[in-house]
Amino acid sequence: MGNDPGAVSGDEQAHSVQSIGKKRLGEATFYASYFEGRLTASGEPYDSQAMTAAHKTLPFGTRVKVTALDSGESTVVRINDRGPFVDGRIIDLSRKAAEQLGMIQDGAADVQLQVLGQ
């Protein structure tokens, strides 16, 4: 894996497969417009209108259902980046995903993540 911040070990991939259906709680944030077009850890350019997100350990391509705890709104995103690296935050969403959850005004939301698979 070397210095590749996006690399995921075989053990992490196996753990992810075992995590399908598992639910996690934490805070979601979304990318600032500053990141538009910049490369994500997977090598894709960030697209604010794509349904994508950053997670610390889930393999790239993993689909995750994100549900806002206050409103019950949910959306499905694909992991294509690493982060967030702030305590308590478990996912960084694209702007479009954040809009679907109604969190643009506040900038963050308490969410539940459910791993759907790849």
Side-chain angles (χ1 to χ4, degrees):
M1 286 192 318
N3 292 329
D4 180 1
V8 177
S9 72
D11 289 342
E12 287 176 296
Q13 288 177 352
H15 182 272
S16 175
V17 171
Q18 294 171 352
S19 296
I20 292 175
K22 184 175 179 181
K23 297 179 181 179
R24 300 172 179 96
L25 299 176
E27 184 179 50
T29 52
F30 65 95
Y31 287 81
S33 59
Y34 166 83
F35 292 101
E36 187 72 36
R38 292 179 179 264
L39 292 182
T40 63
S42 69
E44 293 178 36
Y46 169 65
D47 177 357
S48 63
Q49 295 304 301
M51 296 301 292
T52 57
H55 189 274
K56 293 174 196 162
T57 60
L58 289 172
F60 297 137
T62 300
R63 292 179 312 110
V64 179
K65 181 179 179 182
V66 183
T67 304
L69 297 180
D70 63 348
S71 68
E73 295 290 329
S74 65
T75 192
V76 175
V77 295
R78 178 180 51 85
I79 303 300
N80 75 337
D81 201 6
R82 292 288 170 239
F85 298 106
V86 175
D87 286 343
R89 293 185 184 167
I90 60 172
I91 197 164
D92 271 336
L93 302 168
S94 67
R95 182 170 182 91
K96 184 172 182 175
E99 287 170 354
Q100 288 189 3
L101 295 179
M103 59 181 273
I104 297 296
Q105 182 85 16
D106 294 333
D110 291 327
V111 297
Q112 174 182 279
L113 303 185
Q114 182 178 7
V115 177
L116 301 176
Q118 289 200 315

Can you check whether V66 reaches L113 side chain to side chain, under 4.5 Å on heavy atoms? yes

For T67, check side chain to side chain donor-acceptor pair (under 3.5 Å) against everything at least two apart and list the hits. none

Within 6.0 angstrom of Y34 OH, more than 12 heavy atoms from elsewhere: no

Identified side-chain contact (heavy atoms from CB on, under 4.5 Å) counterpart of D92 within the set F30, Y31, F35: Y31

For G26 and I90 the tightest heavy-atom approach is N-CD1, 3.4 Å

Qualifying side-chain hydrogen bond (donor to acceptor under 3.5 Å, both in side chains) pairs with a residue from residues 94-104, counting only residues at least two apart or across chains: T75-Q100, R95-E99

So, do F60 and R82 sit near enough that their side-chain heavy atoms are less than 4.5 Å apart? yes

Minimum heavy-atom distance between K56 and R89, given as atom pair plus value: NZ-O, 3.5 Å

Does the T40 side chain pair with the main chain of D81, one donor and one acceptor, at a distance under 3.5 Å? no

Pairs of donor and acceptor atoms involving the side chains of residues 102-110, under 3.5 Å and at least two apart or interchain, shall be tabulated with distances.
none

Do I91 and V77 have side chains that get closer than 4.5 Å, going by heavy atoms? yes

Heavy atoms of P84 and A54 approach each other most closely as CD-O, 4.0 Å

Give me the atom names and distance for the closest heavy-atom approach of E36 to D47. OE2-CA, 3.6 Å

Rounded to the nearest 0.5 Å, what separation is found between the CZ atom of R24 and the NE2 atom of H55? 5.0 Å

Between L93 and A53, what is the shortest heavy-atom contact and its length? CD2-CB, 3.9 Å

In one Ile/Leu/Val/Met/Phe/Trp/Tyr side-chain cluster, 4.5 Å: Y46, I79: no

Q112 side chain to K23 backbone, donor-acceptor under 3.5 Å: no

